[in-house]
There are 2 protein chains.
Amino acid sequence: MTEKKKLSRNKILKELYFQDSLSCADLSFKIDKSFPVTAKLLEDLLEHNLVVESGYAVSTGGRRPLIYTLQQDVMYLVSVAMDQYVTKIAIMDMQNNFVSPIEKIVLPLPDNPAALQVLIEKIQMVMDASGISKEKFVGVGIGMPGFVDVKKGVNYTFLQLPDNKSITRYIAGKIKVPVFIDNDSSLVALAELRFGAARESSNAMVINIAWGIGLGLILNGELFRGHEGFAGEFSHIPLFLNGKLCSCGKTGCLETETSLQLIVEKAREGVKAGRTSRLSSLKGDDLEQDCDAIIEAVKNGDQFAIELFSKAGYNIGKGVAVLIHLLNPKIIILSGRGSSAGQIWQAPIQQALNEHCIYRLYESTSVEISTLGNQAELFGAAALVMENYEHIPAIKIHPFSKHEEQVKVGE
Amino acid sequence: MTEKKKLSRNKILKELYFQDSLSCADLSFKIDKSFPVTAKLLEDLLEHNLVVESGYAVSTGGRRPLIYTLQQDVMYLVSVAMDQYVTKIAIMDMQNNFVSPIEKIVLPLPDNPAALQVLIEKIQMVMDASGISKEKFVGVGIGMPGFVDVKKGVNYTFLQLPDNKSITRYIAGKIKVPVFIDNDSSLVALAELRFGAARESSNAMVINIAWGIGLGLILNGELFRGHEGFAGEFSHIPLFLNGKLCSCGKTGCLETETSLQLIVEKAREGVKAGRTSRLSSLKGDDLEQDCDAIIEAVKNGDQFAIELFSKAGYNIGKGVAVLIHLLNPKIIILSGRGSSAGQIWQAPIQQALNEHCIYRLYESTSVEISTLGNQAELFGAAALVMENYEHIPAIKIHPFSKHEEQVKVGE
DNA sequence: AAAACTTTTTTAATTATTAAAGAAGTTGTT
DNA sequence: AACAACTTCTTTAATAATTAAAAAAGTTTT
C-alpha cells in the first residue's frame, strides 16, 4: 500500500473515531476522495477487521446507506491530563469509553526535576496494568499547563529536558508508542470542538475555568495556536488597575481578579474572618478538596459561596467582552473544572457583557456551560492523538537504537 | 471549458496578480494542480493573450524556468476607500498601478440616505472617464467603516438598503460589474498581507490607525472575519476605567484614550489653551487637514505633537498587549492614515508591551510601521476583488447528501 | 399499484497525477 | 579546463483517480 493510500485510510479511521458511524458517501466527502476510492479503502479496512458494517441508516429519500463503524478492541488511546498539582491517566477505547480506572497521582510540576521520570513510569504502569498488548495503543496524548510548543514537543515552563529537547520524542523513545502534547486549555477546547458544545460551531471561545483562567480558541473550525503555539494566554491580559501582583510578575492581570485558586483563597479568608456560611468547615490544606466543597456549597445555595462565584464570573465576563469584540465568536463555552458549578456563571457573565460589549456583537453570541466538565481535558488528550493519527505512520522508532529518528508530526 | 478548469485558470490569474511573475512550477504548487495540467492551462492563457512569457528566471542550480506574467491592458480593477467623511475612488491595473487620478469626494456617511446613490454615480463617473471599456473591469472593491457582512454584502451601520438588502448586488446591478465590500480595517490588513509587511507572516495583527483604531487579523495566512464578519472591533474593547463616554455608548473603550480624532481634538484644545507649539495655526474646522498638520509637526520635532502621539501610542500598546496574549502573532503592523507619522509610534508601544506583556510572548513579536501608509485601503480594495476572483464561478456542494448542502465560498 | 423521483452503489469512460526520461544549467573534482 | 555529478525545469508515457453513466434499492406521488 502506498504512503498516500495509507494517509487516506488513516483519515477514514480518524473520521470514524470522531463521528462513530458514517456512510461511504459521508466518508468520501470528509476525506476528500472520490466514492470509488473510498469504497475500495473501506473494503480493505473490512478485510483487515479494523472496520465493521453496522447496518443501514434510515433512508433520506433513496437507497439506504451502509453504515461503517470502528471495530472494537483493536485500538486504544492513553490520555493524560495534568495540572500543576495533580495528574490523571486513563486508557480509552475508540468509542470514548474509559476501559480502566482513571489513575490519579499527586505530581507537583513547579521546581520538580523528577516529574518527567515519574510521569513516564506512571504511564508505563497504567499501560501494563491494563493488560492490553502494546501494539494496540495508537498513541499517548498529554495535556499540561505552561507554554507548550506542540510541533517541537517542548514545554517551556515545566517538564523540561536539557537543551529544550523534545519531550514527546523522549517519552515515545521510552514507552515505544507515539506521544503528543498540548496545552491543557487547548485540549479542553479540542474536547469541546469534537465531543462537546462547540461541535456545530466553527468559531468558539472555550474558557477553561481552573486554577487559572485558560482559553482555547476555535477559529474557522479548528484549534488556533498562534505563531509559536502560545495563543490563548487569557489569564494574563491586563484588564484591571488593581495593583495586585500576579504570579507572572505584572499587575492587573485577569487572573488577579478571577480563578478557582482565588475563590478558594477568598473562601478560606472569609471563613477565618468568621463569615457565616456552610463553608466554615473548609479543610484549608487541600486545594482540590476545598474547591469541590465550595462548588457543592454553591449548588446548595450558600450565599457566601455564590457571592464569590458571582464576582469571579463578572470578571470573566469582562474578559469575554474583549474576546467578543476581537474575534466575533458564535459561542462562548465555559469548561474545565469550574464549569461543574453550572448555571451560576450565566448571570454575572451576561451582566458583564451588557455593560462592556456592543449589543450588535454579543446579541448573536451564546454563552453555554460545558457538559464535559471536569473530564474535558482527558477527552481532549485522547482526541489529540486521533487528530494526528493520519500522520502517525510517518513515526518510526528503532527498536534497538536509542537514537531517535527524525519524526514528522502534523505541520 | 469545464467549470473546474475555469476555476484553476482563474486561480492562475489570481496568483499572477498577487505575485506579478511566476514559473509554471510555482503556479502548479500554488494552485495545487500537477505540472502537466498547469502547463496546459498556461498554454491556453497564452493563446487567449491573457498571459505572456516574460523571459527566464535566474537558475537556482538547474534549468532556468520560463516566467509568466499577466498581459497588460486587458484587465482593470476599481478600488474604493471610504471613511466616515471622505471617499476615494481609483482605477488600478493588474500591476498595482493607478491608471487614472485618484478621485476624492466629500461624502459623509452618518445620517445620509443619499450616500449610496452618490457613491454609485461617482463610481460610474470615474469608470466612464477612464475610457476603459466595461468588459475589461474585473470588479469593484469597496472598503467602508461599519459592521460589514462580507458574504451577504450588507453594511449594518452605513449605506443601508430597505430590509438590509445586499448593496453589492444592488450596485452590481447598476454598474454591471461584480462588486465586493469589506470593512476598511480588514482591507488595510489584506493590503498588508498581499503587498505589505505581513507578506511573510501567517499570523499578523494589522492596526489601522485612523479616526478610530481598527484591527485586521491575519490568522493562519488569511484574513479572519469571525462568525458574522465583525471580528476586529479593537476600538471598543473595555480597557480603561476612565469613565469617558464613547461614541458606542459605553465607557472606557480603547477609542476614548487613543485615535487620530482624539489627537486632533486634544491638539485643538491645547492650542486654544495657549500651549506653545508649531500647531498654533491649526485650522480647527477640517479634520483631515489638521491631522496632516499635526503629523507634519511630529516629524519636525514639535514637543506638543510628540507628546500627544506618545500618549496615544502607549494606549495602543496596552491594546496590543491584549492581542499578543490572546493570539500570539508574529508581527504587529501599524498601518492606515496614522502610520505616516512613522517611528514615533515605536517607543511608546514597546514601553506598553514591556509593562503589560509576558516577556516570553512578546520577545519574538516584532512591531513594524507600514510602508503602504495612507494608500493601504485602496490597495486592499483592489486585492479584495482578486481575492474573490476564483470563487465567482465556484460553489462546492456535497454531491451525495441533501442535508449537508454547504456553500463554500473562500475559506 | 405503478410511475416518477431520490439516494446509494457499481461500472465504464475520462481525466489528472505520478513516475520516468530528456533538456538545460550549475557545481565540484581532477 | 574538461567532465562527471548534481539540480531544476519540461516533456512523455504509465498509472491512478475522478467523473459520468448505469444499476440497485428506497420513497413519494398520482
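So you know, we letter chains A, B, ... as the sequences are listed, proteins then strands, and number each from 1.
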Undergrad: What are the two closest heavy atoms between B/I67 and B/Y56, and how far apart are they?
TA: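 Closest heavy-atom pair between B/I67 and B/Y56: CG1-C, 4.2 Å.
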Undergrad: What's the closest nucleotide to the side chain of A/S34 if the choices are D/dA17, D/dT10, D/dG26?
TA: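 From the listed options, D/dA17 comes nearest.
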Undergrad: Expressed as a whole number of angstroms, how long is the span from A/L41:CG to D/dT18:P?
TA: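 In whole Å, D/dT18 P lies 10 Å from A/L41 CG.
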Undergrad: Rounded to whole angstroms, how far apart are OH on A/Y56 and P on C/dT6?
TA: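 About 23 Å, once rounded to whole Å.
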Undergrad: State the OG1-CD distance between A/T38 and A/E15, to the nearest 0.5 angstrom.
TA: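 If I round to the nearest 0.5 Å, the distance is 11.0 Å.
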Undergrad: What orientation do B/Y17 and B/F195 show, parallel under 30°, tilted 30 to 60°, or perpendicular over 60°?
TA: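 B/Y17 vs B/F195 ring planes: perpendicular.
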Undergrad: Would you kindly give the NZ-to-C1' distance between A/K5 and D/dA17, to the nearest whole Å?
TA: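 Rounded to whole Å, this separation is 10 Å.
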Undergrad: Tell me which nucleotide among C/dT11, C/dT9, D/dT12 gets nearest to the side chain of A/C24.
TA: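 So the nucleotide nearest the side chain must be C/dT9.
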Undergrad: If I take atom CG in residue A/L22 and atom P in nucleotide C/dT7, what distance separates them, rounded to the nearest angstrom?
TA: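 After rounding, the gap between these two atoms is 18 Å.
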Undergrad: Between C/dT10, C/dT17, D/dT8, spot the one nearest the side chain of B/P36, thanks.
TA: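 Side chain of B/P36 sits closest to C/dT17.
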Undergrad: Can you tell me the distance, in whole Å, between the CG atom of A/L42 and the P atom of C/dT8?
TA: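 After rounding, the reported distance stands at 14 Å.
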Undergrad: Does a nitrogen or oxygen in the side chain of B/S59 sit under 4.0 Å from OP1 or OP2 of C/dG25?
TA: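 No, no such contact exists.
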Undergrad: Could you write out DNA chain C as dot-bracket? Rules: Watson-Crick or G-U wobble, both distances under 3.5 Å, brackets [ ] for crossings, | for pairs with another strand, dot for unpaired.
TA: ||||||||||||.|||.|||||||||||||
Undergrad: Go nucleotide by nucleotide along DNA chain C from the 5' end; which of B/K33 and A/S23 gets its closest nucleotide reached first?
TA: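 Here A/S23 is the residue nearer the 5' end.
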Undergrad: Just the rounded figure in Å: distance from P of C/dT10 to CD of A/E43.
TA: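 Whole-Å distance recorded here is 8 Å.
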Undergrad: For D/dT10 and B/R63 - does any side-chain N or O of the residue sit under 4.0 Å from the phosphate oxygens OP1/OP2?
TA: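 Checking B/R63 against D/dT10: no side-chain N or O falls below 4.0 Å of OP1 or OP2.
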Undergrad: Quick one: A/R64 CZ to C/dT7 C1', roughly how many Å, whole number?
TA: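 Those two atoms, CZ and C1', are 12 Å apart.
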Undergrad: When all nucleic acid strands are considered with a 4.0 Å heavy-atom cut-off, which category describes B/K4: base, sugar-phosphate, or nothing?
TA: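 Sugar-phosphate, backbone atoms only, no base.
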Undergrad: Compare every heavy atom of A/S21 with every heavy atom of A/T69, then report the nearest pair and how far apart it is.
TA: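 Shortest heavy-atom separation between A/T69 and A/S21 comes out as OG1-CB, 3.9 Å.
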Undergrad: Checking contacts here: which listed nucleotide (C/dT9, C/dG25, D/dT8) is nearest the side-chain heavy atoms of B/T60?
TA: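 From the listed options, D/dT8 comes nearest.
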Undergrad: Could you check B/A25 against A/V37 and say which one's nearest nucleotide on DNA chain D is further toward the 5' end?
TA: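 Its nearest nucleotide being more 5', the pick is B/A25.
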Undergrad: Please determine whether a side-chain nitrogen of the Lys or Arg among A/R225 and A/D182 lies less than 4.0 Å from a carboxylate oxygen of the Asp or Glu.
TA: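 A salt bridge links A/R225 with A/D182.
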Undergrad: Hey, is NZ on A/K136 packed in by over 12 heavy atoms from elsewhere, all under 6.0 Å?
TA: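 Enclosed.
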Undergrad: Of the non-hydrogen atoms in A/L50 and A/M75, which two are nearest, and what is the gap between them?
TA: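 That would be CD2-SD, 4.3 Å.
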Undergrad: When the distance from NZ of B/K40 to C1' of C/dA16 is rounded to whole Å, what number comes out?
TA: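 After rounding, the reported distance stands at 9 Å.
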